[in-house]
Amino acid sequence: MTNSFDDIPFFDDAPEEPAPRRSAASPAAAAGLGIAARAMAARDGNRAAMEYLSGLNPEQREAVESLDGPVLVLAGAGTGKTRVLTTRIAHILATARAYPSQILAVTFTNKAAREMKERVGVLVGGAVEGMPWMGTFHSIGVKLLRRHAELAGLRSDFSILDTDDVVRLIKQLIQAEGLDDKRWPAKQFAGMIDSWKNKGLTPPDIAEGDARAFANGKGRELYAAYQARLRTLNACDFGDLLLHPISIFRQNPDILKEYHQRFRYILVDEYQDTNTAQYMWLRLLAQRPQGTPQNVCCVGDDDQSIYGWRGAEVDNILRFEKDFVGAKVIKLERNYRSTEHILGAAGHLIAHNEGRLGKTLFTDRVDPDDEKVQVHAAWDSEEEARAVGEEIERLQRGGSDGKKHNLNDMAILVRASFQMREFEDRFVTLGLNYRVIGGPRFYERLEIRDAMAYFRLVCQPADDLAFERIVNTPKRGLGDTTIRNLHDYARARDIPMLAAASQITETDELKPKARKALFDVIQSFRNWSERLETVSHLELAEQILEESGYTDMWKADKSAEAPGRLDNLKELVRSMEAFESMRGFLEHVSLVMDADKNENLDAVSIMTLHSAKGLEFDTVFLPGWEEGLFPHQRALDEGGRSGLEEERRLAYVGLTRAKHRCHIWFVSNRRIHGLWQSTMPSRFLDELPAAHVDVAVSESNYGGYGGQGGGRGGYGQSRFDKADPFANTHSTPGWKRAQANKSDATRDNWGSRSGHAVERIGYGESGPRTRTIDGELVAKSVADTPSQFSVGDRVFHVKFGNGNVASIEGNKLTIDFDRAGQKRVLDGFVERA
DNA sequence: TTGCGATCCCTTTTT
DNA sequence: GGGATCGCAA
């Protein structure tokens with residue numbers, strides 16, 4: 001059977017030997033190389049035409065021009081890493097060292113791949129279209145696997161399962177083993193398999209101990225059963241996209257050799273994030289027999305290694321020189337992004353980490369007007385969102401520099417995605433445009449997954465998971481009993497469920513009603529599969545959704561979401577336009593999973609720190625710098641010291657995203673799992689240097705609100721001045737007002753705003769509070785001064801109620817609360833009972 | 001077989 | 001707090 005992937009010619013788009021020469025017949029030249037072509041001409045003497053090299057600093061230029069032999073570029077944040085990579089590609093093409101199709105350029109994320117493609121496109125023009133080997137590890141893995149699928153026991157039209165499918169599949173296996181799927185959650189086992197795969201381990205490689213850890217010692221068998229099941233489904237998971245090629249290369253040296261000849265240049269972005277499997281994959285492709293050039297260039301930054309939890313091995317970057325003898329190591333330390341304050345803060349913070357290669361970023365751009373990194377305190381996450389929103393509006397109207405700022409230049413970077421919600425809620429009420437990056441994704445929506453299951457099954461009839469998903473959606477009277485029958489029938493004969501369904505309708509094993517319903521479904525699928533070749537995939541998609549009754553199902557649905565779902569389905573069909581075939585579309589979706597339809601809207605970006613890596617913004621807001629959230633408790637529990645260091649790198653990534661302004665927030669109270677918890681400022685705040693940081697909270701407390709303070713003070717000042725509760729609540733303790741505020745805050749916008757203003761004054765008055773922040777941040781001095789409390793004191797806390805002080809450590813109290821148990825709290829938050 | 005209510009569990013990060 | 005799953009009843 002042919003499909004669109006077989007259409008890609010193998011080696012005939014570029015001769016293996018000799019290396020390309022500049023000639024009219026050269027496909028590369030014919031492709032119209034733009035600058036590259038001009039630069040080829042330049043090779044004959046006119047070096048000035050190599051304009052893409054000008055503007056590089058000496059280190060960058062060296063990294064670009066060192067084309068022979070292995071190169072490791074240690075590129076700090078904002079030092080022009082992507083520029084080096086893209087220019088290097090342009091340079092390879094321009095000097096006619098290789099055809100576009102002979103360059104393997106690997107990135108970690110889709111976003112990075114997209115950006116690289118764009119930027120290379122700017123340099124070399126249309127030639128970038130001739131670079132099929134530029135993409136993520138996974139997308140390149142698919143490409144390899146499609147070509148050699150049979151060597152992995154698959155057909156080239158295999159499906160790629162996402163996490164959801166995998167979990168459902170494993171759940172079936174666990175149940176089939178007669179195990180209790182509550183005691184042995186499928187999700188957990190899916191995680192184990194994933195981490196095994198990240199380490200490059202196949203079932204026989206699993207150590208005895210690990211194998212025993214799950215399902216009464218059946219872990220290894222279960223893993224093997226899972227792999228076997230994938231094979232019968234003609235499917236693979238994300239990990240397989242790397243593992244299968246690895247074993248194909250290992251077992252077929254001749255194939256590996258073909259790729260060695262093909263890939264003249266290998267480039268790897270974000271090398272510090274590669275896991276063991278990726279590393280094995282890469283080494284197979286990059287390590288050549290002695291005497292052959294190993295033109296591999298890896299770019300990375302050990303200080304930005306933030307994927308250790310996912311199996312990334314920082315060691316990979318550290319042992320590069322051992323793996324590739326004679327490697328040249330180039331450090332990029334000149335930062336072009338951030339102000340000296342931001343760099344100073346970030347550098348001081350990251351210096352607290354031990355195992356690092358040690359780079360120090362510097363910049364020449366010193367401007368006395370540059371704002372220091374601002375640290376703000378808020379009572380709770382709601383106030384945090386409110387204040388950030390106001391700061392954003394302030395910048396939008398015209399910041400301290402009087403300049404009006406675009407929302408596109410601002411981002412809120414959170415540690416965990418649940419933090420996003422509060423900002424979204426707030427921005428909706430403010431009418432402030434925002435976009436969530438990496439949030440709940442289009443293709444993960446229920447209706448989209450259903451529709452996709454239909455498409456998958458049409459293209460790949462062995463896809464049982466898709467079959468099970470939609471066989472009774474919309475409702476066709478095919479319930480659990482029928483499905484289970486069908487399932488058993490299929491398993492017994494080792495055939496796909498769709499085929500089994502076809503057979504079983506010819507017997508009388510099913511009740512007439514179910515039999516009829518099933519028969520109709522199969523007929524539909526037969527029809528659709530036939531049309532695959534004759535009807536355009538766009539039309540076919542529409543027909544499938546119509547004829548299956550799927551759109552009717554939502555039209556009949558009276559719930560609030562139904563119209564939105566119908567819209568999404570339309571959007572889905574529309575987005576298929578960009579693809580040549582349904583298969584091509586399905587592949588895109590399984591790998592990319594996000595629809596990048598954020599047009600030119602001016603909007604604040606909200607995303608996690610992880611997904612912010614590689615991006616930059618004029619103004620960056622970093623909320624939630626509290627112990628337990630950031631650094632995240634789980635990272636500390638599971639990762640210990642190295643977990644903490646990874647969190648610190650995450651903080652470093654966050655800070656270094658900012659070009660001009662960086663605002664950090666921490667709150668005293670945050671709701672976690674629905675419960676309010678008192679929180680302490682993050683230790684990372686202690687690690688920021690006073691020279692580059694302003695504690696904005698005290699300033700706004702005293703200066704901003706009384707009306708006499710002048711200063712650029714607080715946010716939304718004028719609005720609060722009008723608020724009438726101001727006067728009469730002025731003298732009551734802050735926490736009380738905050739508490740009163742909380743009850744009506746969710747409903748009443750204005751109420752919450754005025755309450756908010758009042759709250760903040762309360763902070764200003766509560767001396768310990770302000771000093772605490774200064775003390776935490778600037779020096780440990782406060783921590784050394786004796787607390788106003790002593791052990792045994794009876795105290796009251798707004799969230800936890802009454803309790804007794806159990807121990808004191810500087811300004812941090814451990815309190816045994818009568819009802820809430822033992823908590824650690826800053827002394828500013830309690831008062832004598 | 002379906003639909004609804006109750007309960008349970010989880011909440012870091014992603015290809 | 002909230003989403004997903006489970007169990008029970010119609």
Side-chain angles (χ1 to χ4, degrees), chain A residues 106-113 135-142 160-164 166-168 171 181-182 185-188 191 194-195 197-198 236-243 270 273-275 277-278 281 305-312 381 413-422 425 437-441 443-444 446 472-484 511 513-514 517 559 588-594 607-613 624 628-639 643 646-647 649-650 653-654 670-677 746:
Chain A
V106 209
T107 64
F108 210 66
T109 64
N110 291 305
K111 209 166 38 180
T136 62
F137 278 100
H138 291 85
S139 71
I140 290 170
V142 179
I160 301 160
L161 305 185
D162 64 24
T163 337
D164 222 66
V166 168
V167 171
R168 281 192 300 144
K171 189 166 183 178
D181 64 310
K182 286 218 184 93
K187 225 175 147 184
Q188 189 192 334
D194 190 54
S195 67
K197 291 191 170 180
N198 284 338
C236 60
D237 61 18
F238 282 122
D240 288 341
L241 299 179
L242 291 167
L243 283 195
E270 306 283 14
D273 286 336
T274 51
N275 61 36
Q278 287 157 338
W281 185 93
S305 162
I306 54 175
Y307 284 101
W309 54 273
R310 202 170 90 177
S381 45
L413 311 182
V414 297
R415 174 64 183 85
S417 48
F418 74 85
Q419 292 173 263
M420 293 182 182
R421 208 201 151 97
E422 222 129 6
D425 288 352
I437 295 174
R441 297 179 227 190
Y443 290 108
E444 280 167 9
L446 173 85
N472 199 31
T473 311
K475 299 273 180 287
R476 298 185 174 98
L478 295 166
D480 285 349
T481 333
T482 319
I483 307 289
R484 197 160 312 124
K511 294 195 188 117
K513 212 179 131 207
S559 65
H588 169 82
V589 171
S590 55
L591 286 175
V592 177
M593 288 300 279
D594 59 12
M607 69 186 91
T608 63
L609 287 161
H610 282 88
S611 43
K613 191 165 70 156
L629 177 59
F630 194 32
H632 199 280
Q633 192 55 48
R634 201 154 145 186
L636 301 180
D637 290 346
E638 289 169 14
E646 181 153 316
E647 295 287 290
R649 290 193 291 268
L650 205 46
V653 167
R670 189 175 289 280
R671 190 162 42 198
I672 301 169
H673 314 333
L675 298 170
W676 284 98
Q677 307 255 308
T746 42

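Reminder, nothing fancy here: chain letters follow the sequence lines and each chain counts from 1.
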*Any sub-3.5 Å donor-acceptor pair from Glu646(A)'s side-chain atoms to Gly308(A)'s backbone N or O?*
yes

*Give the rounded distance in Å between these two atoms: CD1 of Ile160(A) and C1' of dT14(B).*
15 Å

_Atom pair distance, as rounded to whole Å: CD in Glu270(A) and P in dT14(B)_ = 14 Å

*Kindly say if Thr608(A) contacts the phosphate of dT14(B), meaning a side-chain N or O under 4.0 Å from OP1 or OP2.*
yes

*State whether Asn472(A) places a side-chain N or O below 4.0 Å from either non-bridging phosphate oxygen (OP1 or OP2) of dT2(B).*
yes

*Report yes or no: is the ring centroid of His610(A) under 5.5 Å from the six-membered base ring centroid of dT12(B), with the two planes under 30 degrees?*
no

_Phosphate-side-chain proximity, Lys187(A) and dT11(B), N/O vs OP1/OP2 below 4.0 Å_ = yes

_Please check: side-chain N/O of Asp240(A) versus main-chain N/O of Leu243(A), any donor-acceptor pairing under 3.5 Å?_
no

*Within less than 4.0 Å of OP1 or OP2 of dT1(B), is there a side-chain N or O belonging to Thr482(A)?*
yes

_Closest-nucleotide 5' rank along DNA chain B - winner of Lys475(A) and Arg634(A)_ = Lys475(A)

*Only counting residues at least two apart or in another chain, list the ones meeting ring-ring contact (aromatic ring centres under 6.0 Å, His included) with His632(A).*
none

*To the nearest Å, how far apart are Lys111(A) NZ and dT14(B) P?*
9 Å

*If you look at every strand shown and take non-hydrogen atoms under 4.0 Å, does Gly239(A) touch a base, only sugar-phosphate, or nothing?*
nothing

*Round to a whole Å and report the spacing from CG of Asp194(A) to C1' of dT15(B).*
9 Å

*Provide, to the nearest angstrom, the distance between the CG atom belonging to Leu161(A) and the P atom belonging to dT14(B).*
21 Å

*Mark yes or no for whether Arg476(A), through its side chain, and Ala517(A), through its backbone, hold a donor-acceptor pair below 3.5 Å.*
no

*Using atom CD of Gln677(A) as one end and atom P of dT11(B) as the other, report the distance to the nearest whole Å.*
16 Å

*Minimum heavy-atom distance between Leu609(A) and Arg415(A), given as atom pair plus value*: CD1-CA, 4.1 Å

_Without decimals, in angstroms, what is the distance between Leu650(A) CG and dT14(B) C1'?_
13 Å

_Under-4.0 Å side-chain N/O to phosphate OP1/OP2 contact, Arg310(A) with dT14(B)_ = no

*Which nucleotide in the set dT14(B), dT5(C), dT11(B) lies at the smallest distance from any side-chain heavy atom of Ser611(A)?*
dT14(B)

*Rounded to whole angstroms, how far apart are CG on Asp164(A) and P on dT15(B)?*
16 Å

*Of the nucleotides dT5(C), dT11(B), dT15(B), which one has an atom closest to the side chain of His138(A)?*
dT15(B)

*Choosing from dT12(B), dT5(C), dT15(B), which nucleotide comes nearest the side chain of Lys171(A)?*
dT5(C)

_Taking any heavy-atom pair under 4.0 Å as a contact, classify Phe137(A): base, sugar-phosphate, or nothing._
nothing

*Check every atom of dG1(C), dT15(B), dT12(B) against the side chain of Thr136(A) and return the nucleotide holding the closest atom.*
dT15(B)

*asked:* Parallel, tilted or perpendicular, judged at 30° and 60°: which one describes the rings of Phe108(A) and Tyr307(A)?
replied: tilted

*C1' atoms of dT12(B) and dT5(C), separation to the nearest Å*: 23 Å

